[in-house]
Amino acid sequence: MRPSVMRSAAQLLRRRNYSSASGQQARKVAILGAAGGIGQPLSLLMKLNPLVSSLSLYDIAATPGVAADVSHINSPALVKGFMADDQLAEALDGADLVIIPAGVPRKPGMTRDDLFNINAGIVKNLCTAIAKYCPNALVNMISNPVNSTVPIAAEVFKKAGTYDEKRLFGVTTLDVVRARTFYAGKANVDVNTVDVPVVGGHAGITILPLFSQATPSTNALSAEEIKALTKRTQEGGTEVVEAKAGKGSATLSMAYAGAVFGDACLKGLNGVPDIVECSYVQSTVTELPFFASKVRLGKNGVEEVLGLGQLTQFEKDGLEALKGELKSSIEKGVAFANAS
């Protein structure tokens, strides 16, 4: 890639929330599941982030090759690859931010619940190691089903005596990315200026985009168009799985979303003010113990969980409709974590 092209890519990432490292503390980031479909492009994007001084790439296989490949990129972060259980401690040691895309991907016909038994065990083991080797790190959970894996992580950390609700995040940024893209296309506005809060959870009807709060606002969309945009946002993952026809899931867009949210966490850690992103966190916004909404990030992780704001009747109905499924997913995660 020509230097001019690389600069253009870096500039685009900065416009979409990547930041300059000037005058800010550099950080160690560990990616668990770095050799997978999400992990590899996520590793590439985090290598481009100027706030990352050390990039630790871990997986059960193939990580040395991924690390060697990524390490050749002429950006400041130093890259090391780690493989198998006996190297997990070194991979995590001293990490400020741990991003977890580990697990099996969705395939056609699979729901996020179908992924549960495999991915839940992987997440439980990785979080046990995090509690031991980097208990103060921020943890960004990408592994699906996020509605359940975040509660699993919370229970693991509670058992270890290291749980801090301010430091555990379910990454729902892809729902926001999709909502922005779909809204911009339908409203015919510049996507770079668009923001759409997405609340609830990270699967199907638990994903609730609040298009009434989208900026820039528009009166050009009918109720039916809003309904269709909502449904497309909720089914965005399925759209990609079906389009790839059994050969993958939403890996590239998820890697981008994970990198954007990871960068926001790093900026918060470094004291950059007014960093607000949507995330699935421990919450009192509703009666559910975990819920995605806007979150203000700071030096200790979650600085403030923001409320939902004014909702339309359509959004209120969607909020009530999602609660049962989200509650069940949370309880499923808690039960799994406490089963042994």
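Checked by atom type and distance alone, the side chain of Thr206 never pairs as donor or acceptor with a backbone atom of Leu326 at under 3.5 Å. Under a 3.5 Å cut-off, the side chain of Ser54 and the backbone N or O of Lys28 do not form any donor-acceptor pair. Listed for the Glu315 side chain is a donor-acceptor partner under 3.5 Å among the backbone atoms of Thr312. With Asn270 contributing its side chain and Gln25 its backbone, the two residues share a donor-acceptor pair below 3.5 Å. In terms of modelled atom types and a separation under 3.5 Å, the side chain of Ser328 and the main chain of Gly324 share no donor-acceptor contact. No donor-acceptor pair closer than 3.5 Å links the side chain of Ser279 to the backbone N or O of Val281. A donor-acceptor pair is defined here as one N or O able to donate and one able to accept, closer than 3.5 Å; such a pair exists between the side chain of Ser53 and the backbone of Arg27. At distances below 3.5 Å, not a single donor-acceptor pair connects side-chain atoms of Thr233 with backbone N or O atoms of Arg178. For the pair Ser293 (side chain) and Leu306 (backbone), a donor-acceptor distance under 3.5 Å is present. Between the side chain of Gln213 and the backbone N or O of Leu308, at least one donor-acceptor pair lies under 3.5 Å.
Met83 and Leu32 are not part of a single hydrophobic cluster, where members link through side-chain heavy atoms under 4.5 Å apart. Both Phe82 and Val29 sit in one connected hydrophobic cluster of ILVMFWY residues. Membership requires side-chain heavy atoms under 4.5 Å apart, directly or through other members.
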Please report the C-alpha distance between Gln310 and Ser212 in whole Å, then the side-chain angles of each, then the deciding distance to 0.1 Å, and finally whether the side chain to side chain contact (heavy atoms under 4.5 Å, CB included) criterion is met.
CA-CA 9 Å; Gln310 281 195 316; Ser212 69; over 6 Å; no

Quick one: do Lys47 and Ser75 satisfy side-chain hydrogen bond (donor to acceptor under 3.5 Å, both in side chains)? Show the steps, please.
CA-CA 7 Å; Lys47 177 69 166 80; Ser75 63; 2.8 Å; yes

Please evaluate residues Leu138 and Arg167 with respect to the criterion side chain to side chain contact (heavy atoms under 4.5 Å, CB included), reporting the C-alpha separation (whole Å), side-chain torsions for both, the decisive distance (0.1 Å), and the verdict.
CA-CA 5 Å; Leu138 300 190; Arg167 295 180 177 271; 3.6 Å; yes

Can Val295 and Leu297 be said to form a side chain to side chain contact (heavy atoms under 4.5 Å, CB included), step by step?
CA-CA 6 Å; Val295 173; Leu297 301 170; 4.0 Å; yes

Set out, in order, the CA-CA distance, both residues' side-chain angles and the distance that settles side chain to side chain contact (heavy atoms under 4.5 Å, CB included) for Phe157 and Leu168, then state yes or no.
CA-CA 10 Å; Phe157 296 150; Leu168 175 61; 4.3 Å; yes

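Applying the salt bridge (charged side-chain N to carboxylate O under 4.0 Å, His left out) test to every pair with at least one member in residues 214-237, sequence neighbours left out, gives these pairs: Lys231-Glu235, Arg232-Glu239.
Among Ile100, Asn136, Leu88, the single residue meeting the side chain to side chain contact (heavy atoms under 4.5 Å, CB included) criterion with Ile130 is Ile100.
Of all heavy-atom pairs between Ala35 and Asp59, the closest is N-OD2, 2.9 Å. Taking each heavy atom of Ser43 and Leu57 in turn, the nearest pair found is OG-CD2, 3.3 Å. When all heavy atoms of Tyr58 and Ala91 are compared, the closest pair comes out as CB-CB, 4.1 Å. Smallest separation of non-hydrogen atoms from Lys159 and Ala337: NZ-O, 2.9 Å.
A distance of 10.0 Å separates CG in Leu55 from CG in Leu97, rounded to the nearest 0.5 Å. Here the straight-line distance linking atom CG of Leu252 with atom CG of Leu42 works out to 11.5 Å at 0.5 Å rounding. In this structure, Ser329 OG and Phe290 CZ are separated by 12.5 Å, a value rounded to the nearest 0.5 Å. Taken from OG1 in Thr172 to CD1 in Ile207, the straight-line distance is 8.5 Å, to the nearest 0.5 Å. If you take OH on Tyr133 and OG1 on Thr128, they are separated by 10.5 Å, rounding to the nearest 0.5 Å. Here the CD atom belonging to Glu303 is positioned 8.5 Å from the NZ atom belonging to Lys166, to the nearest 0.5 angstrom.
Every residue meeting the side-chain hydrogen bond (donor to acceptor under 3.5 Å, both in side chains) condition with Lys244, not counting sequence neighbours, appears here in chain and number order: Thr251. Checked against side-chain hydrogen bond (donor to acceptor under 3.5 Å, both in side chains), Asp195 has the following partners two or more places apart in sequence or in another chain: Arg180. For Lys323, the salt bridge (charged side-chain N to carboxylate O under 4.0 Å, His left out) partners at least two apart in sequence or on another chain are Glu287, Glu320. In this structure, Phe291 has no ring pair (Phe, Tyr, Trp, His ring centres under 6.0 Å) partners at least two apart in sequence or on a different chain. Partners of Gln282 under the side-chain hydrogen bond (donor to acceptor under 3.5 Å, both in side chains) rule, at least two apart in sequence or in another chain, are Tyr163.
Ring-plane geometry between Phe261 and Phe169 is classed as perpendicular, the angle between the planes exceeding 60 degrees on a 0 to 90 degree scale with a lower cut at 30.
Between the side chains of Asn119 and Thr149, no donor-acceptor pair is found at a separation under 3.5 Å.
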